[in-house]
Amino acid sequence: MSDIQQYLLDYDRSRREASAVAENSATRLRAGDLKLLTLIEELGEYFNSEDGAIRAKTMSYLAEVLAFVPQKVLSLQQRNLLCDFVLARLEDSEGLGSCAKGLIALEERGKWDSERAKKIVETLLAHTHPLNQFRQQSERYPVLRLIDTLMAKYREALRSLHDATPDFLSRFIAYFDGEKDPRNLMLVFSILRVPMTEWNIGADAQDLFDAVFNYFPITFRPPPDDPYGITAQDLKDRLRECISSTPEFAPYAFPALLDKLDSTSMNTKRDVLQTITSSVMEYGPRTVSLYSITLWDALKFEVLNVQEDDLAEEALNGLAAIARVLSQGTTGPLNAYLRPIIKECNEHLEDAPTKQSQAAARILHKIADVSPEVTNILLAGMLPNLFLLFQTADTIAKRRGLLEVLVQLIRANIGVYGDWRSIGTAGEHSSNNALLQFRDQAREIMLNGLETAPIKEVSFRLVCLDGLLQLSKARGLLNDEDVGKIIQLFNAIVIHEESYGKDEVKEAAINGLVEVARQKPQVVIDKAFPAFMAQLPDTDMVESRGYIPVLEAFAKLAGEEKVFDTVILRLKNKFASAVKQNASSAYIIALLSAMLYALTKGANKLEQNPESSSYFQDIVLPLLKRTSSSDESHPRAFDDEATLDLVGRICNIIIRAQSAEHQETITAELYTMFRGTPQSELPPFNLNAPPETNRTMIVSTHLLASFRKETKLPCELDLLISSLANYTQQANLSASVRFASLRQLSLAINKFYSAQALKTCMDPLVNSPFELFVPEKLDPPRIRIMFACLKGILLRSSPALATLYPHVLSFLSHAQYGTTVAHGFATLLQPDDLLTKQNHCQISGLHKQKSFALLVPNITRAFREASPETKPNYLIALSGILKWMPFDIVMEEVGQLFLLLLQSLDLKGEDLVKESAIGTLTSTLVEKPTVVEEHAGSLISRLLANSIVNKEAGTPAKVRAAALRCLTIVPDKLKVEVVLPYRRQVCKKLTAALDDGKREVRYAAVRCRAKWLEVDEAGDDD
Amino acid sequence: MDLDKQNANPTILNPSDLPSRRRTSAVHRRDHGGSGLFDDLIPQYNYLNDPFEQPVSSSDSDDDAVEAIDEQEVYDLISSISDPEHPLSLGSLAVVNLPDIHIIPPASPYSSISTVLVEITPTITHCSLATVIGLGVRVRLEQALPPRFRVDVRIKKGTHSTDEAVNKQLGDKERVAAALENGTLMGVLRKMLSTCE
Amino acid sequence: MPPPQDAPSYTIHPLATLSPPSNSRTWQTAPHPTQPIVATACSDRSVRVYSLTSFTLLHSITGGHKRSVRSVSWKPGTKGQSVLATGSFDTSAGIWRREERGALEDDFTRRRREEDDEEEEDDDYQFACILDGHESEIKSLSWNPSGQYLATCGRDKSVWIWEELEDDNFETVAVLQEHDGDVKCVAWHPEEDLLASASYDDTVRLYREDADDWVQVALINGHDKTVWWVEFEGSGMSGKDFRKQREGLSEEQTQHIELMERSGPRLATCSDDCSIRIWRRKPKEHGDHADSHTGIPSIIRSMAIDEDWLEDAILPQRHDRAIYSLSWSRRTGMIVSAGSDGKIVVYKERWKSPMTNGVRADGEAKADPNAMEEEQEPSLAEWVVAAELYSAHDVFEINHVCWARRADKGSRWEDEEVIVSTGDDGEVKLWTLDERSAST
């Protein structure tokens, strides 16, 4: 039987097999086994069938065959013949879709001449108009694709068709009437966009506009499993492109859009505003000038009475767009547009500070930003009146309101004309900046305001300060002298003004200085630094500590690269002379603190050129010598451990950036510190060294931290480890010295052992005589050593942990020291500011997972078997670990841990434990509420119990607050039906917490109770 | 309520000018007037809690030092309520002001009941929303203050055309209770209180 | 804790807190006229019925109202069943019935039902019917002594009188709209069909039927703030309270008693203005006062049925915030009051002793000047504070107090009374009143 018969048979059974048949015919055509003519003839009888379905299928067959036929198989006239044949079929209402497919296939197999293209469109319009008469989306879709292709590839042809035939366009537009399907609409929009943008549409403009605007606003919501993935946004974008495609739409578009702007739906409004903006951009100056004022009158309302802030933003974009477009044209229209704006804004200035004066500021800022022309016109239009009002204003509040507007204009001006560091959008011609003629007046009133206004007028002074800052930033506006004046005023505020309220003004003044320093470093150095230095005594005979705020401010300046070096230099000199005059420890410490702060601020600068900088010579060496010295060059302050810690950190931050070679110059002095005394006589190697030498261990800790791991230590590593181990056990050590030495253990182990050696690094301590892990010998000093070593090891997730952890875990059941050990676990993962990458420590990315895996399951298991009196130890250890564990690691296990966590809330006196337990519970609620659901009751009651003061438990405020904060999120995270039963009870119990002695707790209680009171509205109302 | 507002263009105070707790405590915040910039140069936890020194309580050496509920705290509770017709806080609209908040101690040594008196100043004298605002303030305080406080909310004398009537309503416990069971009104109140921190 | 002032002669002792308490505010508690139970109106939309013998919850009546239940009232004189009326913020009033086992015993026809009752331990209050009419929250309701009428009132400023024609068939016999503010409370005269209502408009109004048409017959203007509660004195109290001791009374004292008896039961009101006032009806000149069931057309009579209520006394002021409720003991004539300040105060009336007379007189004069001009002859009796208790419900407000017959084993004498207080803390508490030992 013939292929077509086969095809018709298979068609209803299986489209795939049917297609196979068509493909087969195609191959035979190619091979020449089948003549095109025969094929057509075979189709003949079916095309003439009474049954429309048969005719449709036949056409579908032909279309498929054509789609399968490879390029170049069909000759030009064969294609033309087929094309005419298919076109003829268009008179038949059946199989339209397939016809279109066929034509598309043919087109793909050879470009048509323009006559043919026209003919096809004509025929379609002639026989299938309106397209919507075909109910099947699948019928219409190919037609639209076909037309879309024609529009894309045969622009000229169709254009000429339009020019030649008067009524063509109107028929063409009407052809697509009533299309509803999103996929088809996407095509219709892009088809119609061609005439819109390229044809001379004249009289048809309105029809064309209506044809698309009918769909505005798009409210289409794609089905959840939409195969074509067409979103409402896609449609919106295409539609917007259409509307904004030609100025000829303006007469219809703007009225229609503004009309829709009254809609109550925020989405519609948003849509309208965005469309207006893009239309304005596309329509060009001439057209926009006709509507600018109408648009202003409509859009301003969205800003003056804000409903949704983002709508106001959109409206502002629209207003700015108009200004931008108009400033491309002649000045006339631009002025015409800005005049009413200026008028309106001036009116709102009258009753500043109000909602609308703020809105005015917003509008001006947004518009003034677009071009020099606009900025200048607005400045000229606003400022004279603004200054006038300012002089006559009766309240400071009003003056504040006015200045807020002024500052916005200056900011915009900077946007256009740029600041000292960067050129603005206007490019390099600040000469015509209109701000120049208002500069002095603006500077005057703000300087004056900031200087003379009562100190309690915070907001007013803040505005003045901000304004002055902006002025001094504006490119080419003020000369250095004027900037200098401003700087001095800021300085005065920082240094001399008494503290008030939240010190917002002081704060702002300091930050202001930093910002100016970025713009005008030299001026700041010249004007500000002397004043600062003058405030810093060489020695502080006077017992005031007024120098602290000065130092703070000064140190902050170091944040600005351009002045960093100078800041450090001045601080260093101050320090030197202060020491020479043997100033008080307090002052020395303050200076060191400032220096350290400055250095941390400029750390990145240090890293850039560690060697070249002279800081090592100028700062580190002198400090180290002073530390170890015992003669009169040794400042009293250096006997204080806090001071030494600062010293250590200063050295550390300078040294650690340096290369290994460079570091080698002091590694040898790690413990001797240029004393000239042999190392063996000093700590940690000599346990009987003079007490004052113990202190320097604090500094050496920071040095050790700064060394690269390639550097050579002043002694054998194993010797160092065991010496430190013995050293730290001495009873007479101060807390900080002991802590420092323990950290040396961690550092040494972490940095200097090879991966191989690390496995056995603890052996010297574990084996006799030391026998670290022998239960009988257990005591706090040894426990400390254990954890110090482990801390160094675990960061490298060494396999050694697998053997080491079990020992430590076993001690949790230790009768005497179990609890102490338990608390040790909190230290393991606790972040440590010395064990860091910057300090060249070896930190494996997965070390937390590793420790979690090795510790937590064992603890939970052991907990079950543990005796009642040791059970708490496991809970303590667990929370100590979880405390520092990222939740995503805990997540998997949290199901098993949850009950243990709950139980740790019942522990007595273990506040830190409770705190971290609550922490984990909180994250569980947030990340994995399902786990909590079944335990909701016991969680809620325990949290309540911990959030209310009760004498015997003596839960501290911090825990109470934490519990409350956790309880606050419960209603959000659990299902209403789970929470509702507890609501009344919780709200009632919480009234006790509302009366807590601590404000922090009350604050938490208030929020918590508010949340729970809301639960009601959810479900209880029936 | 969005359309034709009763006062479309209220005067707005700047947040920096609103009374805040630190303002009062700031003066003796640091003896030397520094901002504590250098305080955390040396991380605290290292020295603070060596977990082996038992027991380490978290922060609570001063837990017995009671911070009593004062006017400022009441102010903080209500100043963040937002106005029913503007996305602005009652504080920034100067509807609630610190000087108009009074805490009255128990009338007798045998009673533990204090009274909080709040006088509100509507943005305009004929604002019919005054009652709603007052109600919002009262509800907020009843939810946020311990029950030993009685809450009296009044319109400040002479700032409102019908202040007496409004005061009487706000003072009527039964009416307030009923209002809170009224869904639509509650909706408005919830919106107002949603900005409370 | 004992107050400092001239030591009261009684002390108030906690007897019990009915348990379990409600988790949210409770408004009012009504003792059953005959049985040892009370019903409590709760803001959680339920009514809780507690036992006064075991102090425990017997029934929780839920599902009837959509908002706070504000007020409850037991229908007096029902046989074999209890009938409870509930008034709610949802603007409706509900009628609930429950068969009583005790009553069932002698009723064989009902044996089957009785057995069911044995099975399901909790034979519940059945919803009988709903009274719709008020436009807004109902704030109080009350049955008249005969159980024929039910009065309701609410925020819609109206007072409704319903008559129960037969079971669950109620007819509105009057809608009285005299007040220009919420009507907070309604109360019936113990002997006559005379209804009193107190209101947010600071007034108290009295109504009676005049030719089957209910009309206002008196207006009491004395308080200058919302009047929260109104209650009549018990019937024939002169035979029970301080007046029953007749020997050795002075001539004028005896006259005073007669005057009072002619006036009939007095009226007590309490208010937001922190005062409690007693009102006495001015006796009609010609013998017995208005009997509304005379045939004479109301146009002429209407004047005659108007009544004058004079201020009889102002109780010593002990509350410093709104007084929400008071109750007048039907046994001892003492008055108990409570309110926003969380205090419970008990007052008793006594003869002025000539010595204290002067003191008291100007004491009262200070308390209330216009009392004098209304009162022609200064009263011979005076009210004094008998007992005073601070923080009865911890720091919470007390919404209602009343007297109830004591029913637990500890009861010390025939018809001993307990004070029942209902608070914002959701608790209903019982208190005993004990005479101080003569030592003080």
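Here is the naming used below: chain letters follow the sequence lines, and residue numbers restart at 1 for every chain. Just so you know, these numbers use all the heavy atoms, side chains as well, and skip hydrogens, waters and symmetry mates.
- Using a 4.5 Å cut-off between heavy atoms, C/S136 makes no contact with chain B at all.
- Applying the salt bridge (Lys or Arg N to Asp or Glu O under 4.0 Å) rule to B/E164 yields the partners B/K157; only residues at least two apart in sequence or on another chain are considered.
- Partners of C/Y200 by ring pair (Phe, Tyr, Trp, His ring centres under 6.0 Å), not counting sequence neighbours: none found.
- The contact between C/F89 and chain B is made entirely by side chain atoms (from C-beta outward), counting heavy-atom distances below 4.5 Å.
- At least one side-chain heavy atom of B/D152 sits less than 4.5 Å from a side-chain heavy atom of B/T115.
- Atom NZ of B/K168 has more than 12 heavy atoms from other residues, nucleotides or ligands within 6.0 Å.
- Chain C forms the most heavy-atom pairs under 4.5 Å with one residue out of B/S108, B/P106, B/P146, B/S112, and that residue is B/S108.
- Between chain B and the residues C/K225, C/K184, C/R155, C/K343, the most heavy-atom pairs under 4.5 angstrom are made by C/K184.
- Using a 4.5 Å cut-off between heavy atoms, C/D424 touches chain B through its side chain atoms alone.
- Rounding to the nearest 0.5 angstrom, the gap separating the CD1 atom in B/I113 from the OG atom in C/S340 is 7.0 Å.
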